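Some notes on the structure that comes next.
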Amino acid sequence: MTEPVPAELPLWLLRVVTALELSDEDLPDVPTLLDLTREVAHQVTRPAGPLTCYLLGVAAAHGQDPADAVAQVRALLAK
């Protein structure tokens, strides 16, 4: 189930990218992260959702493919 993307979210993300001096290429796969956040929050605990997304960002910063990192987290949820 894909979470709907709130209308104000794309503009907010562009503002954050600009403020953090990142590039448009750094924008996340919003539907995937919203879905994963929901899954983690419901299966683990609510605070684990955004913190898991933070760790996905750290993994990406260290060179891990974001899609692979999402798959690894989903594998953990399946256990």
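This structure is a prediction, so every number in the text was calculated from the model and none was measured. The analysis underlying the following values was restricted to heavy atoms, covering all of them including side chains, and did not include hydrogens, waters or symmetry mates.
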Do you know which two heavy atoms are closest between [X] and [Y], and how far apart they sit?
X     : Y     : value
Leu27 : Leu14 : CD1-CD2, 3.9 Å
Leu77 : Gln43 : O-OE1, 3.4 Å
Leu56 : Ala69 : CD2-CB, 3.5 Å
Val40 : Gly49 : CG1-N, 3.7 Å
Cys53 : Thr37 : SG-OG1, 2.9 Å
Asp35 : Arg74 : CB-NH2, 3.7 Å

Are [Y] and [X] co-members of a hydrophobic cluster defined by side-chain heavy atoms under 4.5 Å apart?
X     : Y     : answer
Val16 : Val5  : yes
Val70 : Val30 : no
Leu22 : Leu9  : yes
Tyr54 : Leu36 : no

Original post:
How many angstroms lie between CG in Leu33 and CZ in Arg38, if you round to the nearest 0.5 Å?
Top reply: 12.5 Å
Original post:
Looking only at atom types and distance, does a side-chain atom of Asp26 sit under 3.5 Å from a main-chain N or O of Ser23, one as donor and one as acceptor?
Top reply: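 Judged by distance alone, yes, a pair lies under 3.5 Å.
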Original post:
Please walk me through it: do His62 and Val58 pass side-chain contact (heavy atoms from CB on, under 4.5 Å)?
Top reply: CA-CA 6 Å; His62 286 275; Val58 171; 3.5 Å; yes
